[in-house]
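Right, one structure below, let's go through it.
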Amino acid sequence: MIDFKDQVAVVTGAGRGLGRLYALDLARRGASVVVNDLGGTMRGEGADSKVADEVVAEIRDAGGTAVASYVSVDSPEGGEAIVQTAVEHFGRLDAVISNAGIFNSIAFDEMTPAQWRQMLAVHLDGGFYLSQPAFKVMKKQGYGRFVFISSSGGMFGQHLEAHYGAAKAGLMGLSNIIALEGADHGILSNTVLPFGFSRMVTETVDSNTLENLGLMNLIGPEKVVPIVTYLASRACESSHENYSACAGRYARVFVGLGDGWLPDTEFAATADDIAANFTQVTGTEPFTIPGNIYEELFSVVGRLGVDLSGGATGDE
Ligand SMILES: NC(=O)c1ccc[n+]([C@@H]2O[C@H](COP(=O)([O-])OP(=O)(O)OC[C@H]3O[C@@H](n4cnc5c(N)ncnc54)[C@H](O)[C@@H]3O)[C@@H](O)[C@H]2O)c1
């Protein structure tokens, strides 16, 4: 059984919905858990410390160890305070589940800069504010696991969610870099793109529609928990990846790079050439999945007969 004996986890947004279930499972498996939750509405208004307190009580009642944190993830001080709560209470920090989130639906041409900023502040800025101090603790320990909760809305698109989709896609970029910079320090980072029945679903989709489609049972939030727990655990060796958890189907989500159209070096392509070769430009077979920006560059110049790889590293 995967266990978190002697390990410490932070789960943000752990007072409700999916975050609560992640916190309960980690605690059940032996982790000491920082249950962070601001306790506001789905749209990000207000605060309520009871929300985190109730989950802490639930964990303690079941014999587990947990402490509450009520700060918002949307400031550097908030992120730092959450990490400090872990270190001060439990002496270390092994796993961070960056899950806190808000949601609303606004047409792109009606979205105000304030609405845009609020969404990015919680999801994307919050991910950074939390992960940077956590990374420093993990680097000293030589061990750490990050799980950023992203969304298919960011990866694949979702109407009325320009702010949400951009923030969630941004977390994949953040996770990629943490994975690269953490690799030498035992730090792994992945994202999860969940589908889980919560108030984010009930307050957005009409309840009759949900009932009629039978979706409530299909996307039970407990079905997301196993992959989050696995990625947060010692057993996980995956890093720099994204995983979708949808209705009991667990799958890797990746960005592939097509072979494309590559005329020789002497050829200066025009827009008309792009038009003429667009089928090849947009082709998806064959494809590769570069591990970083240099792998793409080296591969293309390699196809052109140039070898740039000697001595070049990801740090340059
Ligand atoms: N439910 C889904 O199908 C789904 C799909 C894709 C992504 N997600 C993501 O999963 C995560 C959890 O969503 P959920 O469905 O459980 O929603 P939820 O609203 O039930 O839970 C989110 C929790 O985050 C807390 N929170 C919000 N802003 C915060 C802040 N600034 N600081 C600290 N806590 C804050 C809220 O108080 C709430 O308890 C979110 O990041 C969401 O975007 C959910």
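We count ligands from 1, going down the list as the structure has it; atoms in each ligand are counted the same way.
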For residues 163-171, dump all side-chain donor-acceptor pairs below 3.5 Å to protein atoms at least two apart in sequence or in another chain.
residue: H163; atom: NE2; partner: N104; partner atom: OD1; Å: 2.6
residue: K168; atom: NZ; partner: H123; partner atom: ND1; Å: 3.0
residue: K168; atom: NZ; partner: I149; partner atom: O; Å: 2.7

Side-chain donor-acceptor contact under 3.5 Å, Q7 with S32: no
Does a donor on one side chain and an acceptor on the other come within less than 3.5 Å for R249 and S244? yes
Is there a donor-acceptor contact under 3.5 Å from the side chain of R252 to the main chain of Y243? no
Report each N/O pair between ligand 1 and the protein that falls under 3.5 Å, naming both atoms.
residue: ligand 1; atom: 1 (N); partner: G196; partner atom: O; Å: 2.8
residue: ligand 1; atom: 1 (N); partner: S198; partner atom: OG; Å: 3.4
residue: ligand 1; atom: 3 (O); partner: G196; partner atom: N; Å: 2.9
residue: ligand 1; atom: 3 (O); partner: G196; partner atom: O; Å: 3.1
residue: ligand 1; atom: 15 (O); partner: S198; partner atom: OG; Å: 2.4
residue: ligand 1; atom: 16 (O); partner: L18; partner atom: N; Å: 2.8
residue: ligand 1; atom: 19 (O); partner: R199; partner atom: NE; Å: 2.7
residue: ligand 1; atom: 19 (O); partner: R199; partner atom: NH2; Å: 3.3
residue: ligand 1; atom: 31 (N); partner: S72; partner atom: OG; Å: 2.9
residue: ligand 1; atom: 32 (N); partner: V73; partner atom: N; Å: 3.1
residue: ligand 1; atom: 34 (N); partner: L38; partner atom: N; Å: 3.2
residue: ligand 1; atom: 37 (O); partner: R16; partner atom: NH1; Å: 3.0
residue: ligand 1; atom: 37 (O); partner: D37; partner atom: OD1; Å: 2.5
residue: ligand 1; atom: 37 (O); partner: G39; partner atom: N; Å: 3.4
residue: ligand 1; atom: 37 (O); partner: G40; partner atom: N; Å: 3.4
residue: ligand 1; atom: 39 (O); partner: R16; partner atom: NH1; Å: 3.1
residue: ligand 1; atom: 39 (O); partner: D37; partner atom: OD1; Å: 3.2
residue: ligand 1; atom: 39 (O); partner: D37; partner atom: OD2; Å: 2.6
residue: ligand 1; atom: 41 (O); partner: N99; partner atom: O; Å: 2.7
residue: ligand 1; atom: 41 (O); partner: K168; partner atom: NZ; Å: 2.9
residue: ligand 1; atom: 43 (O); partner: Y164; partner atom: OH; Å: 2.6
residue: ligand 1; atom: 43 (O); partner: K168; partner atom: NZ; Å: 3.3

Note, K140 side chain near K136 side chain (heavy atom, < 4.5 Å): no
Going by the side chain to side chain donor-acceptor pair (under 3.5 Å) test, name the single residue among N36, D53, T85 that passes it with Y70. D53
